[in-house]
Amino acid sequence: MGQLESQFDAFIEWKQHLLAQVTRYQSWLVHNHLLTPELDRRLSQANESLRRKTITIAFVGEFSRGKTELINALFFGNQHARMLPSCAGRTTMCPTELFHEPGKPTSIRLLPITTRLQATSLAELRQDQEQWHDIPLPMENATALADALARVAETLEVSEEEALQLGFEPEHLQFSKAENGSVKIPAWRHALINIDHPLLSKGIRILDTPGLNALGLEPELTLNMLPSADAIIYLLSADTGVTASDMAIWQDPIQVIQQNRPTNLFAVLNKIDLLDDELLTPAQQQDIRSIILDTSARQLGLRADEIIAVSARQALTGKLKGHPALVANSGIETLEHLLSHELIHHQEQVLDDCVVNDLHHLLDNSRQLLEKRLQDLYTRQRQLNGSRKDDQLLVAELTEQTRTQYNQHHKRLLALKSSRRLVQQQGRALVRACRTAMFQERVRKVHTLLLKSLTTVGINQTITRFFLYVQDDIHQLSIEARLANRLVQSIYERHVDTDSHTLPPPLFLTDDYLKELNALQDKADHFRKRLSTVLTEQHLVIRRFFNTLVREVIALHERIETDANQWADQALLPLTQHALEQKQLLERQLVQLKTLNRDNANHKQLLGKLDEFMADTEHQLVKIDHILKNTRQRINSAKSSNVVVLHERPVMA
């Protein structure tokens with residue numbers, strides 16, 4: 001088992017462990033009659049986040065840098081043959097995704113290049129089964145499997161005019177050997193490969209991209225798929241160094257992605273075996289490698305130790321033929337170590353943000369409530385030990401004190417129910433402030449105006465105006481959000497006891513939405529200013545913009561509306577949960593005190609029953625402590641430092 005597989009096994013085991021703790025907490029809440037519908041939804045969301053397991057690793061670089069061979073070496077070294085076609089002259093012609101979807105046939109799905117003439121987005125085309133060519137993958141026959149996978153690299157011969165209509169740039173066209181002036185273009189626009197593989201089955205998704213030309217031709221690739229990847233492996237080649245096209249990819253999309261959404265980025269110098277020369281001493285060969293690494297790092301604005309030198313060919317050969325020394329010399333183990341540890345660390349942080357921290361707050365709330373209740377029981381125990389009153393009179397007094405507290409919390413719940421109606425009313429105002437109908441109308445108008453625009457200037461003005469409209473919508477939403485936040489803060493101030501420990505009031509904030517919109521606008525500016533956009537036929541510009549950037553803005557708007565609805569449901573959850581837990585525990589104590597009074601318990605029996613109450617509370621406290629302890633267990637992985645973070649350092653020319 002390799003490092004990647006063992007680390008992901010540990011990660012999956014940790015998620016299963018967290019799922020078990022969420023289930024235990026739900027059971028504890030049910031047992032104590034404390035599970036509210038809002039809390040149940042919140043814990044269900046935590047379950048859903050923990051069960052989500054897709055982790056995408058994208059390989060990016062100019063053609064012939066060895067991306068596909070590196071994928072073979074990292075993931076398919078135990079297949080006894082080269083899995084993906086990566087021989088000389090057979091480069092990846094279209095973006096290719098590798099994954100495992102249980103219950104679906106092992107196959108390769110190919111999307112014809114002619115679908116670029118449609119106005120349908122790639123995301124929509126994924127749902128249209130009829131548009132794709134399905135090819136079964138014969139896993140039991142290595143030769144037939146290789147032939148099937150090789151179809152990704154198929155090309156078509158078309159006229160230069162047809163190629164331009166499909167969006168290909170004139171300077172990147174490859175003329176065929178035919179005398180009719182035809183050119184070669186990829187036969188397929190996108191490939192989806194569903195294959196049963198240990199790592200893919202654990203949730204790894206691999207994205208193999210073509211070179212610079214294809215990155216510019218598929219806006220969804222650079223504007224959506226790459227930015228959402230959990231890790232990006234950027235490849236250079238030792239035999240070429242950093243070329244102009246390598247630098248173009250480094251600056252856009254890589255640098256743009258890192259500025260807008262920093263992710264794990266690994267800079268890899270491949271094909272270092274090509275620098276070996278048997279006539280040179282090992283020291284001289286190492287000097288040459290160091291010079292190439294230093295030069296490449298300086299051009300990219302990095303330190304030499306931030307570029308990982310590998311030979312994917314040596315690594316694959318060593319794994320297929322069982323030569324550990326060749327694998328060790330290839331440098332692949334360094335990349336595997338960094339990739340596995342950094343990816344796991346990143347996923348751990350993601351789960352911390354969306355699940356673990358929230359779960360800790362809820363558990364801490366329950367624990368602190370039990371601690372307070374236990375202290376109350378200790379106080380009553382001291383009262384019993386030091387009291388000279390009649391036992392039944394003392395029970396009556398304790399019952400009256402408990403009933404008074406119970407009534408207080410019952411009234412608090414009724415008041416919170418009234419407050420919840422106010423919050424839901426304000427939540428509806430937030431949803432109205434999203435102005436969904438107006439937004440949809442603006443999208444239609446933008447589409448119409450783009451179709452009518454006769455110049456690049458007109459298109460640019462329409463795009464700019466569209467973003468200004470959406471920015472205004474978010475600003476209007478922020479005004480309503482301030483009213484909503486003031487309402488919630490005032491409710492918390494009225495209802496929180498000085499000795500209670502609840503979550504801070506969850507505020508509805510719009511700053512992140514505006515930042516995300518600004519990032520999308522930056523993408524739009526890059527898209528509009530690209531030379532390819534200026535040269536491409538106008539109707540293709542409109543389609544690409546509308547099918548990528550506008551759809552991302554639509555998705556952002558839909559998420560804002562969903563968040564507004566969820567905020568109204570969850571804003572008072574901490575207060576409600578605290579009051580409900582208090583009321584429920586006091587209700588149980590009333591039942592226990594009523595039993596004591598009915599049984600005419602003497603002083604010794606009273607103390608015995610009180611000990612039982614305390615033991616039960618302590619038992620519940622032990623359960624919560626155990627769940628808290630288990631949710632704080634971490635994956636046994638160390639944070640590495642050899643990951644490139646572009647936004648911390650300027651890129652030098």
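Because only heavy atoms are used, hydrogens play no part in the values below, and waters and symmetry mates are left out as well, while side chains stay in.
- Gln426 is listed as a side-chain neighbour of Glu480, based on a closest heavy-atom distance under 4.5 Å.
- Leu374 CG to Leu370 CG: the interatomic distance, rounded to the nearest 0.5 Å, is 8.5 Å.
- The main-chain N or O of Cys354 is never found under 3.5 Å from a side-chain atom of Asp358 such that the two would form a donor-acceptor pair.
- Other residues, nucleotides and ligands contribute more than 12 heavy atoms inside 6.0 Å of the CZ atom of Phe439.
- Side-chain contact of Ser44 with Arg41: a donor-acceptor pair under 3.5 Å is absent, judged by distance alone.
- Ion pairing of Lys515 with Asp511 is absent here, as no side-chain N (NZ or NE/NH1/NH2) approaches a carboxylate O to less than 4.0 Å.
- No side-chain donor-acceptor contact under 3.5 Å links Asp376 and Gln405.
- With salt bridges taken as basic N to acidic carboxylate O contacts below 4.0 Å, one links Arg435 and Asp472.
- Residues Gln489 and Arg486 have side chains that never bring a donor and an acceptor to within less than 3.5 angstrom of each other.
- Remark: the Trp28 side chain and the Gln620 side chain contain an N/O donor-acceptor pair separated by less than 3.5 Å.
- Taking 4.0 Å as the cut-off between side-chain N and carboxylate O, Glu618 and Lys623 do not count as a salt-bridged pair.
- Between Leu362 and Leu43 the shortest side-chain heavy-atom distance falls below 4.5 Å.
- Side-chain atoms of Gln471 and Asn518 include a donor-acceptor pair closer than 3.5 Å.
- Between Asn264 and Ile232, every side-chain heavy-atom pair lies at or beyond the 4.5 Å cut-off.
- Looking at Leu98 and Leu207, their side chains never come closer than 4.5 Å, going by heavy atoms from C-beta outward.
- Side chains of Arg559 and Glu516 form a contact here, defined as non-hydrogen atoms less than 4.5 Å apart.
- Between Tyr406 and His410, the ring planes are parallel. Angles under 30° get that label, and only those over 60° would be called perpendicular.
- Aromatic ring orientation, Phe508 versus Trp567: perpendicular (interplanar angle above 60°, classes split at 30° and 60°).
- Note: His360 NE2 to Asn365 CG = 13.5 Å, rounded to the nearest 0.5 Å.
- Side-chain contact check for Leu449 versus Phe466: every heavy-atom pair is 4.5 Å or farther apart.
- The existence of a salt bridge linking Glu97 and Arg126 is confirmed by a sub-4.0 Å separation between a basic side-chain nitrogen and an acidic carboxylate oxygen.
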Checking side-chain hydrogen bond (donor to acceptor under 3.5 Å, both in side chains) for the pair Arg421/Gln424: CA distance, chi angles, key distance, verdict?
CA-CA 5 Å; Arg421 286 195 291 268; Gln424 288 179 329; over 6 Å; no

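- Few gaps surround CD on Glu371; more than 12 heavy atoms of other groups in view lie less than 6.0 Å from it.
- In summary, Arg632 and Asp364 engage in a salt bridge, as defined by a charged side-chain N under 4.0 Å from a carboxylate O.
- Between Asp230 and Arg205 no salt bridge is recorded (no basic side-chain N to carboxylate O distance below 4.0 Å).
- Around NE2 of His346, the count of heavy atoms belonging to other residues, nucleotides or ligands within 6.0 Å exceeds 12.
- Taking a cutoff of 4.0 Å between a charged side-chain nitrogen and a carboxylate oxygen, Glu441 and Arg444 qualify as a salt bridge.
- Between Arg551 and Glu124 there is a salt bridge, since a side-chain N of the basic residue sits under 4.0 Å from a carboxylate O of the acidic one.
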